[in-house]
Amino acid sequence: MDDEVAKYTTQEISVLVGMSVSQVHYYDRLGLIPNLRRSENGYRVFTEKNLIWLKNLKIFIDSEMPLKDIRQLTDLVVQGKQQRKSVKRLLNII
């Protein structure tokens, strides 16, 4: 299965993740959904990888992890494997 193919609308993703559409939009504006693409019309389009990320994001939010820490974690994940130690260190302090 190709994870890079856009499969879901914002409405569909919000139902699958258990967030409102406005929450999804908010977390996107904060930069907490890496590699989110937009259609030619400007609509958000979500992949399987985005779905997995959002499910994890919801866990972080539900556990009351501060948004600044979620943002830091997101930035580290985007930077890639070279930041693996930093990600583990951040998760160990939470």
Side-chain angles (χ1 to χ4, degrees):
M1 178 177 1
D2 184 2
D3 287 336
E4 296 305 313
V5 175
K7 299 181 179 191
Y8 305 106
T9 64
T10 305
Q11 179 63 41
E12 292 168 332
I13 212 80
S14 69
V15 170
L16 290 169
V17 175
M19 291 182 184
S20 69
V21 169
S22 61
Q23 284 176 302
V24 174
H25 289 175
Y26 175 68
Y27 297 130
D28 177 33
R29 283 192 304 273
L30 291 179
L32 299 180
I33 309 172
N35 306 312
L36 182 59
R37 293 194 238 162
R38 292 190 179 256
S39 69
E40 291 179 12
N41 301 0
Y43 293 109
R44 293 166 180 90
V45 288
F46 298 85
T47 64
E48 286 294 322
K49 286 182 181 181
N50 296 136
L51 174 60
I52 292 166
W53 180 261
L54 279 162
K55 286 180 178 182
N56 288 317
L57 178 63
K58 181 149 179 21
I59 291 168
F60 299 146
I61 291 164
D62 289 348
S63 70
E64 299 181 6
M65 183 177 185
L67 289 176
K68 68 179 182 67
D69 291 342
I70 297 172
R71 177 59 198 246
Q72 184 179 3
L73 177 62
T74 303
D75 292 344
L76 291 171
V77 169
V78 169
Q79 291 173 16
K81 291 183 180 180
Q82 71 272 16
Q83 298 298 329
R84 181 172 271 160
K85 289 181 184 178
S86 297
V87 171
K88 286 182 182 179
R89 187 170 50 252
L90 178 63
L91 289 175
N92 284 330
I93 63 170
I94 298 171

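Counting begins at 1 with the first residue of the sequence. Not measured: the values here are computed from a predicted model. Atoms considered below: every heavy atom in the structure, side chains included; atoms not considered: hydrogens, waters and symmetry mates.
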For this session: For side-chain contact (heavy atoms from CB on, under 4.5 Å), just list the numbers for W53 and V77, CA-CA rounded to whole Å, side-chain angles, deciding distance to a tenth of an Å, and then say yes or no.
Result: CA-CA 10 Å; W53 180 261; V77 169; 4.0 Å; yes
Problem set entry | Verdict with supporting geometry, I13 and L54, side-chain contact (heavy atoms from CB on, under 4.5 Å) | CA-CA 9 Å; I13 212 80; L54 279 162; 3.7 Å; yes
Can you hop from [X] to [Y] via hydrophobic side chains spaced under 4.5 Å?
X: F46; Y: Y26; value: yes
X: I33; Y: V15; value: no
X: V78; Y: M65; value: no
X: L57; Y: L16; value: yes

[X]: what forms a side chain to side chain donor-acceptor pair (under 3.5 Å) with it, not counting sequence neighbours?
X: S39; value: none
X: Y8; value: E48
X: K55; value: none

If you compare all heavy atoms of [X] against all heavy atoms of [Y], which two are closest, and at what distance to 0.1 Å?
X: V45; Y: N50; value: O-OD1, 3.9 Å
X: L67; Y: Y27; value: CD2-CE2, 4.1 Å
X: K7; Y: E12; value: O-OE1, 3.7 Å
X: Q11; Y: S14; value: O-OG, 2.7 Å

For this session: Determine whether L91 and L73 make a side-chain contact, defined as any pair of heavy atoms from C-beta on separated by less than 4.5 Å.
Result: yes
Does any N or O in the side chain of [X] come within less than 3.5 Å of the main-chain N or O of [Y], such that one atom is a donor and the other an acceptor?
X: R71; Y: L30; result: yes
X: D75; Y: L32; result: no
X: D28; Y: H25; result: no

For this session: Test D69 against F60 for side-chain contact (heavy atoms from CB on, under 4.5 Å), laying out the working first.
Result: CA-CA 9 Å; D69 291 342; F60 299 146; over 6 Å; no
For this session: Take M19 and I61 through the side-chain contact (heavy atoms from CB on, under 4.5 Å) test and state the conclusion after the steps.
Result: CA-CA 11 Å; M19 291 182 184; I61 291 164; 4.3 Å; yes
